[in-house]
A.B. asks: 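Handing you a structure now.
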2 protein chains.
Amino acid sequence: MGASLGEGERRKTAGSALARQQILRPGEASGRVIVLRQGWALRSAITSDGRRQVLSILLPGDIAGGEFLMRDKVRVPVQSLTPVEYCSFDVTYLKEIAGENPAFIWTFVDLCLSSKEASEARLIDLGRRNAEQRLARLILDLHRRLREKGLSNGATIPFPLRQQTVADALGLTQVHVSRVIRSLRQSRILQIRSGQLTILDMDALMATAEFYET
Amino acid sequence: MGASLGEGERRKTAGSALARQQILRPGEASGRVIVLRQGWALRSAITSDGRRQVLSILLPGDIAGGEFLMRDKVRVPVQSLTPVEYCSFDVTYLKEIAGENPAFIWTFVDLCLSSKEASEARLIDLGRRNAEQRLARLILDLHRRLREKGLSNGATIPFPLRQQTVADALGLTQVHVSRVIRSLRQSRILQIRSGQLTILDMDALMATAEFYET
DNA sequence: CGGTTGGTTGATATTATTCAATGGTCGTGG
DNA sequence: CCACGACCATTGAATAATATCAACCAACCG
């Protein structure tokens, strides 16, 4: 390890936060890339009239603050949704590694492409799908990601999202999200109870997500 | 330069296409990154029920097919909107350059971050802004980009987009786009004539884009 | 000409929002 | 244990935003 690294330059540090804390503040120039280890977090933007749009939901293993690789400040705030644990890496350290091992940089290109694909998928949802389809696709997306990370085995996933958060992710109001959830609940497609979401009828959910004939 | 490169491996080639041609087909594995030189193009997705969502509008200098850097196939089709000229680079050649000059890779990270920021900005529009705001922001975005590229000096920009295309970009219907344009025209904010769009009242357009109190 | 493409308009329907009231749950302090 | 406040969800009624359907118009092009 380096003999003398300043306080803000430690190569790798661990951190944690309670629920609803700002992990990255807009304008912040910490130059540290964060990897979430435990818990859920949100990247979200606020419009000038005070409405919120959730840009991405971060699960354990996901990265925040990757902008620091090419930007000196972060634009989009990141906040914890549940209590979180994370570690953070100094961006100059990461670039050092990349300098020694150029293939490492391609990892960033890959990560960046993946998150771009994800936000474009969400763009299609908001532009061209109705509320029921958007919700179904959000749930299927979370289900898939949690399974890939080994954080869910069957049809039940942790679901710490409030209806307002879902609304902010899907471009809807909380009231309407409540109604859409009710509709899916009454159709015996899913169930939400005590922070857990259970998919009762996966086929129907996928049908809803894919294409819902009015 | 290399003595024997196969037909599909030429390091750099030039190309052109008429309007409304597919430049990149989904599933295509050409492994060639395209730089648009002249004309406008679209990256757009089609939903299973046949609706279209424009993901980005490409202007001269913009890049298509950057996915080939990390993916073997392209997912999103790219089509010309006007007649276009472009050149394309073999991705293995680009990686070769990057191997010799690692700093070059960071350019890709930067490009990728920029396009991600752009699609997230659009996401906020579709999720949290009304039709009038979305249109105003689209126009201001095009105006800014064209100015930066030296393709427009004053308040007039080329505007080869059909109303249906605008609708597909903004998540609206063509009919509604027609009405919103009428509203902006009647307010003497802008004017569209023979493929040119003129911003008559920039302040009002910016006010509309930023925040429109109902 | 006649066909095609793109834009406009009106009438109506659907979807989602807004506003407002109500009830549940949970933690905290008396 | 209860009362209270904070937060979240549910519901109804009224309204606003946008879509749908269908007709028509204008420009352009062969």
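Just so it is clear, the values below take in all heavy atoms, side chains as well, and ignore hydrogens, waters and symmetry mates. We name chains A, B, ... by the order of the sequence lines, and we start the count at 1 in each one.
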A.B. asks: Give A:R20 one of three labels, base, sugar-phosphate or nothing, depending on what nucleic acid heavy atoms sit under 4.0 Å from its own.
C.D. replies: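 Result for A:R20 = sugar-phosphate.
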A.B. asks: Between atom CZ of B:R185 and atom CZ of B:R179, what is the distance when rounded to the nearest 0.5 Å?
C.D. replies: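 B:R185 atom CZ to B:R179 atom CZ measures 12.5 Å (nearest 0.5 Å).
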A.B. asks: Rounded to whole Å, how long is the line connecting atom CZ of B:R193 with atom C1' of C:dG6?
C.D. replies: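 Rounding to the nearest Å, CZ of B:R193 and C1' of C:dG6 are 18 Å apart.
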A.B. asks: Could you measure the distance from the NZ atom of B:K116 to the SG atom of A:C112? Nearest 0.5 Å is fine.
C.D. replies: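 Answer for the NZ-SG pair, B:K116 versus A:C112, is 6.0 Å.
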A.B. asks: Round to the nearest Å and state the distance from B:R162 atom CZ to C:dT4 atom P.
C.D. replies: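 Interatomic distance, CZ of B:R162 to P of C:dT4: 18 Å.
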A.B. asks: I need the CZ-C1' distance between A:R51 and C:dT18, as an integer number of Å.
C.D. replies: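 After rounding, the gap between these two atoms is 11 Å.
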A.B. asks: Please give, in whole Å, the distance from C:dT5 P to B:L81 CG?
C.D. replies: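 After rounding, the reported distance stands at 16 Å.
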A.B. asks: Would you mind reading off the distance between A:Q133 atom CD and C:dT14 atom C1', rounded to a whole angstrom?
C.D. replies: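 Taking CD of A:Q133 and C1' of C:dT14, I get 14 Å after rounding.
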A.B. asks: Tell me the interatomic distance from A:D168, atom CG, to D:dC8, atom C1', rounded to whole angstroms.
C.D. replies: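 That distance rounds to 14 Å.
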A.B. asks: Within the structure, does a side-chain N or O atom of B:R128 lie under 4.0 Å from either OP1 or OP2 of C:dA16?
C.D. replies: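 Negative; the distance criterion is not met.
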A.B. asks: Could you tell me how far apart B:R129 (CZ) and D:dA17 (C1') are, to the nearest whole angstrom?
C.D. replies: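 Answer to the nearest Å: 17 Å.
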A.B. asks: Quick one, B:V180 and B:L170 - any side-chain contact, counting heavy atoms below 4.5 Å?
C.D. replies: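 The answer is no; the side chains never approach within 4.5 Å.
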A.B. asks: Under 4.0 Å between a side-chain N/O of B:Q164 and OP1 or OP2 of C:dG7, yes or no?
C.D. replies: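 So the side-chain polar atoms of B:Q164 never come under 4.0 Å of the phosphate oxygens OP1 or OP2 of C:dG7.
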A.B. asks: Heavy-atom count around B:R37 CZ within 6.0 Å, excluding the residue itself: above 12?
C.D. replies: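 Result for CZ/B:R37: open.
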A.B. asks: Mind running a 4.0 Å heavy-atom check of residues 172-185 of chain A against DNA chain C and sending the residues that fall below it, in number order?
C.D. replies: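 Contacts with DNA chain C under 4.0 Å: A:L172, A:T173, A:V175, A:H176, A:R179.
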A.B. asks: Would you mind building the protein contact string for nucleotides 24-30 of chain D? One character per nucleotide, 5' to 3', B for base within reach (heavy atoms under 4.0 Å), S for sugar-phosphate only, - for untouched.
C.D. replies: -------
A.B. asks: When rounded to the nearest 0.5 angstrom, what is the spacing between CG in A:L190 and NE2 in A:H143?
C.D. replies: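 The distance works out to 11.5 Å.
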A.B. asks: Starting from C1' on C:dA16, measure out to CG on A:D125 and report it in whole angstrom.
C.D. replies: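 From A:D125 CG to C:dA16 C1': 17 Å.
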A.B. asks: Salt-bridged, A:E67 to A:R75, with N to O below 4.0 Å?
C.D. replies: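 Salt bridge flag = no for A:R75 with A:E67.
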A.B. asks: Just checking, any donor-acceptor pair under 3.5 angstrom between side chains of B:R51 and B:T173?
C.D. replies: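 Result is no, nothing qualifies.
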A.B. asks: So with a 6.0 Å cut-off around CZ of A:R25, is the heavy-atom count from everything else above 12?
C.D. replies: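 Enclosed.
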A.B. asks: How about B:R147: does its CZ atom have over 12 heavy atoms from other parts shown lying under 6.0 Å from it?
C.D. replies: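 Counting other residues, nucleotides and ligands, CZ of B:R147 stays at 12 neighbours or fewer.
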